[in-house]
Structures are given as structure tokens and as C-alpha cells.
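To keep things clear, I will list the structure first and then write my remarks on it.
Note that the numbering runs from 1 along the sequence shown for the chain.
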Amino acid sequence: MKSKQIFSIAAKLKSYLWFAILFIAIALGALPIYSQQILQLHPGFQVSTLGALNVGVYEGTATLAALKQHGDFGLGTFDGLEGEMIVLNGTVYQVKVDGVAYHVSDGLKTPFSTVTFFRRDRSLRLTGKMNYQELQQQIDKQLPTQNLPYAVRIQGAFPYLKVRSVPKQALPYPPLNDVVKKQQRIFELRNVRGTLVGFRLPQYLKSVNVAGYHFHFITSDRKAGGHLIDGEFSNPVADVETLRDWAMLLPDHSAFAQASLD
């Protein structure tokens, strides 16, 4: 056998050997820590921006079927800003202005929503009785940093929750602030069991999404809920996932293209 052929075979064997070593390293967790983190990134995903919603861009951008490809846990609203969205365990619920939670079809569209595939990486035990503001403060004290987004899930019994929903709007769409001030429907729930689905985002994302805490609630029987305004909590446990990756789908329609988002 000629020397060039021998060299070629040896090079191929060396290449195969490196692939085998890499495969074994992945299987045994022997890659560097940063490489493992890259492989395990679990993104938050949002449709459109809060800034667009604030100025009345309520036209649907993505179907619920498409949204569920990016998460099984989250919140948002619906085409025309009709009600509050809760995504829990892969099912999407719509709480309308009657306070009732409805199952919805995958064909409906959302103008603004935020989801992730929720996988808890820590549980925070909060002590005592507290209001909504105190709940946020206790969670903040236990987070490793306030410069990253988090998905937050709180399950159990709640002494009191104040939630809201908003009705479907007609064109020309009014700004979100006007809808909330003039048309929101408020519901008070007492001694209720269920799940708070939410996110905590850093202040530097305030024009993109809700900075700070944003929760939607649904009861254990999946019959009622809404956007959380206030509440009373007794020794709750907050399950938290850190989201080190963030993706966005921006609208492809004239309402967004022509909106003043400065």
C-alpha cells in the first residue's frame, strides 16, 4: 500500500476517533460547563411587544397552535384584546369579561403573549401573610439576580385574589391604558385554589414586555381566573425557572409597521 493511501486512512480514523470522543463526552457530561449550559438553554418566547399593545396594536400575529410550539406555560391576550390568556400544562384558556375561563381553538390568534416550557430550577418558600407587593419583595430577596428574566409559578390556596379581564375592542383600537381604565371588569375571589402563571422581567426590558411581575390566575377546576391586580397570600411557595435566552416574533402586518413605537 502506498504511503499516501496509508496517510489518508490514518487521517480518517483520527477524525472518527474525535467524533467518538465527543459523543462519549456529551453522554458522560464531560463537556465544559459553558458548553453544557448552551446545550440546555431554555428560552422565553414572546409575540410582539408591550409597546405595540400599549398603543392599540391588537391584531393577531400568531395562532395558538404556533404559540404552543414555543411553550406550555405563559400568559397573554387574544385578537382584538378579548380577555386574558393563561397557558398551563400546554392548554390555553381564555378568561372573558364574565370571569369564566374557556377552552379555545388552536386557530385563534394572539397579538401579545409570553410563554416558555416551564421547568422549575428552584423553589422559594415565602413566610407569613402578605399582600401582592410584599409577595414580590420576598421573591426579589431570594432571587440570585434581578438582571435576568424568570418564569414564576405559584400553586395552592389563596385567601383573596383581585383579578380582571377586558372586553373585545372595535376598530379603531384605543390605547391599552384607556381600555383598562374604562372597560376592565374586576372579580374578587376568596379562599380559592389554583395557579398563578407569571414572569418577572428586568427593568431594561420595559418597552419590550412587562417589567417586574406579571401574573394571570386560573382556578384548580379551570373555570375562572384573570389578570392579577392584588391579593393576600399565606406562606406561599414560588417555583422559579431562570430564562437565560429570550426570543421574539414581531408582527408582519400594517398595524405594527405603521404604529408609533418611539
Side-chain angles (χ1 to χ4, degrees), residues 41-87 92-95 104 106 108-118 136 146-152 164-184 196-216 226-229 241-262:
L41 278 179
H42 208 187
F45 176 85
Q46 74 175 70
V47 173
S48 191
T49 70
L50 179 64
L53 198 72
N54 282 340
V55 298
V57 181
Y58 304 152
E59 288 82 356
T61 294
T63 65
L64 301 186
L67 183 68
K68 290 193 289 186
Q69 296 298 311
H70 298 277
D72 57 6
F73 173 97
L75 46 75
T77 189
F78 298 88
D79 188 39
L81 194 70
E82 185 178 14
E84 308 290 343
M85 177 194 295
I86 302 98
V87 184
V92 181
Y93 303 91
Q94 180 182 22
V95 177
V104 290
D106 282 351
L108 283 184
K109 289 188 174 183
T110 173
F112 177 75
S113 48
T114 307
V115 295
T116 190
F117 287 102
F118 186 82
Q136 297 174 60
Q146 295 185 21
N147 293 332
L148 290 171
Y150 299 93
V152 184
R164 73 151 187 250
S165 186
V166 292
K168 186 176 179 64
Q169 301 298 299
L171 288 168
Y173 293 139
L176 180 60
N177 193 48
D178 289 351
V179 175
V180 172
K181 282 186 175 181
K182 299 175 183 178
Q183 301 182 46
Q184 71 175 354
L196 284 166
V197 172
F199 295 88
R200 187 205 184 281
L201 271 66
Q203 288 296 317
Y204 60 78
L205 291 177
K206 64 182 179 181
S207 64
V208 174
N209 207 309
V210 178
Y213 290 89
H214 182 191
F215 284 104
H216 287 187
H227 170 103
L228 181 66
I229 299 173
E241 178 182 15
T242 307
L243 303 173
R244 293 182 176 274
D245 190 14
W246 199 263
M248 297 173 60
L249 173 65
L250 297 178
D252 183 20
H253 52 60
S254 60
F256 181 85
Q258 297 171 10
S260 177
L261 302 180
D262 293 340

Kindly determine whether Trp246 and Gln46 satisfy side-chain contact (heavy atoms from CB on, under 4.5 Å), including the steps that lead there.
CA-CA 8 Å; Trp246 199 263; Gln46 74 175 70; 2.9 Å; yes
Classify the ring geometry between Tyr58 and Tyr173 as parallel (under 30°), tilted (30 to 60°) or perpendicular (over 60°).
tilted
Would Glu59 and Lys109 satisfy side-chain contact (heavy atoms from CB on, under 4.5 Å), going step by step from the backbone distance to the final call?
CA-CA 8 Å; Glu59 288 82 356; Lys109 289 188 174 183; over 6 Å; no
Side chain to side chain contact (heavy atoms under 4.5 Å, CB included) partner of Val92, the single match among Val115, Leu64, Thr110, Asp72:
Leu64
Value rounded to 0.5 Å, distance of CZ in Phe45 from CD in Gln69
10.5 Å
Nearest heavy-atom approach of Ala255 to Val57 is O-CG2, 3.9 Å
Which pair of non-hydrogen atoms, one from Ser165 and one from Gly83, has the smallest distance, and what is that distance?
OG-CA, 3.4 Å
Can you tell me how far apart CG (Leu243) and CZ (Phe117) are? Round to the nearest 0.5 Å.
12.5 Å
Met85 pairs by side chain to side chain contact (heavy atoms under 4.5 Å, CB included) with which of Leu67, Thr77, Leu108, Val197?
Leu67
Test side-chain contact (heavy atoms from CB on, under 4.5 Å) on Phe256 and Thr61; report intermediate values, then the result.
CA-CA 10 Å; Phe256 181 85; Thr61 294; over 6 Å; no
Working for side-chain contact (heavy atoms from CB on, under 4.5 Å), residues Phe215 and Leu75
CA-CA 8 Å; Phe215 284 104; Leu75 46 75; 5.6 Å; no
Nearest 0.5 Å, what's the CG-CD distance between Asn147 and Gln203?
10.5 Å
Rounded at 0.5 Å granularity, tell me how far CZ in Arg200 sits from NE2 in His214.
14.5 Å
Is the NZ atom of Lys168 crowded by more than 12 outside heavy atoms at less than 6.0 Å?
yes
Keeping Gln169 on the side-chain end and Pro167 on the backbone end, is there a donor-acceptor pair under 3.5 Å?
yes
Which heavy-atom pair separates Leu261 from Ala52 by the least distance, and what is that distance?
CD2-CA, 3.7 Å
What's the spacing between Asp79 CG and Thr63 OG1 if we round to 0.5 Å?
11.5 Å
Between Glu84 and Val166, is there a side-chain heavy-atom distance shorter than 4.5 Å?
yes
Taking the side chain as everything from C-beta on, heavy atoms only, tell me whether Phe199 gets closer than 4.5 Å to Asn209.
no
Atom OG of Ser113 and atom NZ of Lys68: how far apart are they, to the nearest 0.5 Å?
12.5 Å
So do the side chains of His227 and Gln184 get within less than 4.5 Å of each other, counting heavy atoms only?
no
So do Thr49 and Leu250 actually touch side chain to side chain, heavy atoms under 4.5 Å?
yes
Please report the shortest heavy-atom distance between Leu201 and Pro149, naming the atom on each side.
CG-CB, 4.3 Å
